[in-house]
Peer 1: 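Here's a structure for you.
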Amino acid sequence: MEAIRDIMMPDAPALVAGPAGAVWLDRDGEIHSLRLDAVSKRMRGGPPPLLCHLPATARRLNIDAFPALDLLELFAFVHPGRFCVPTPRGLAVALGLPVPHDHEAEVISLSTMTRALLQRLAAVSAEPQTISIAQAMSAGGWGWGHFVLAAMGGSVDATPA
């Protein structure tokens, strides 16, 4: 059996936006409860945040779509055609992970879910066609590209944003 490669994880904050407010997990591991209108200020100048379901998050924040590492995109790449409820809780269920029960637990779980998805890629022998698709997506600006390629053992030409 092949050893699982080390997983390259994003050094990024995480974000969960609810109807009444948002929870931000900064890169130092500190959790911040924010008003929805304060989130865009947090995002300025930093790396794109981890989140689940960018369109819904942007709607809740009442802003246009923004650069983000959407775990639903990563899930769709790792498990093409497999259904998942598009929430952190739904993603946890689909991955067989503990289900978070509040927004603070959800924001913490995003990193765990990221690691689980990338480990699934690292644990299987990737077909050359899959690596080629990931390389093309990465070259096209897909935020997950570098992390996916590293997990699959593919060529990573540049450092991630």
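Reckoned from all heavy atoms, side chains included, excluding hydrogens, waters and symmetry mates. Predicted model, so just to flag it, every value in this text is computed and none were measured.
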Peer 1: Flag the pair Leu97 / Ser109 as yes when at least one side-chain heavy-atom distance between them is below 4.5 Å, and no otherwise.
Peer 2: no
Peer 1: A side-chain contact here means heavy atoms from C-beta on lying under 4.5 Å apart; do Phe147 and Met9 qualify?
Peer 2: no
Peer 1: Within a reach of under 6.0 Å around CG of Asp26, are more than 12 heavy atoms found that belong to other residues, nucleotides or ligands?
Peer 2: yes
Peer 1: Is Val107 close to Leu51 at the side-chain level, that is, under 4.5 Å between some pair of heavy atoms?
Peer 2: no
Peer 1: For the residue pair His79 and Phe75, does the interplanar ring angle fall in the parallel (under 30°), tilted (30 to 60°) or perpendicular (over 60°) class?
Peer 2: tilted
Peer 1: Between Trp24 and Glu30, does any side-chain donor sit less than 3.5 Å from a side-chain acceptor?
Peer 2: no
Peer 1: Indicate yes or no for a side-chain donor-acceptor contact from Arg60 to the backbone of Ala17 under 3.5 Å, with no hydrogens or angles considered.
Peer 2: yes
Peer 1: Could you pull out all residues at least two apart from Asp28 that satisfy salt bridge (charged side-chain N to carboxylate O under 4.0 Å, His left out)?
Peer 2: none
Peer 1: Determine whether Leu69 and Pro47 make a side-chain contact, defined as any pair of heavy atoms from C-beta on separated by less than 4.5 Å.
Peer 2: no
Peer 1: Quick one: are Cys52 and Leu110 in side-chain contact, heavy atoms under 4.5 Å?
Peer 2: yes
Peer 1: Heavy-atom count check: over 12 atoms from other residues, nucleotides or ligands less than 6.0 Å from Arg35 CZ?
Peer 2: no
Peer 1: Would you check if Leu72 and Cys84 make a side-chain contact, meaning some heavy-atom pair closer than 4.5 Å?
Peer 2: yes
Peer 1: Looking at CD1 of Ile133 and OG of Ser138, how far apart are the two atoms once the value is rounded to the nearest 0.5 Å?
Peer 2: 13.5 Å
Peer 1: Is there a side-chain contact between Leu74 and Asp70, using heavy atoms and a 4.5 Å cut-off?
Peer 2: no
Peer 1: Would a 4.5 Å heavy-atom cut-off, applied to side chains only, mark Phe66 and Pro48 as touching?
Peer 2: no
Peer 1: Is Leu117 linked to Val148 within one hydrophobic cluster, defined over Ile, Leu, Val, Met, Phe, Trp and Tyr using a side-chain heavy-atom separation of less than 4.5 Å?
Peer 2: yes
Peer 1: Could you check whether atom CG of Asp64 has more than 12 heavy atoms from other residues, nucleotides or ligands sitting under 6.0 Å from it?
Peer 2: no
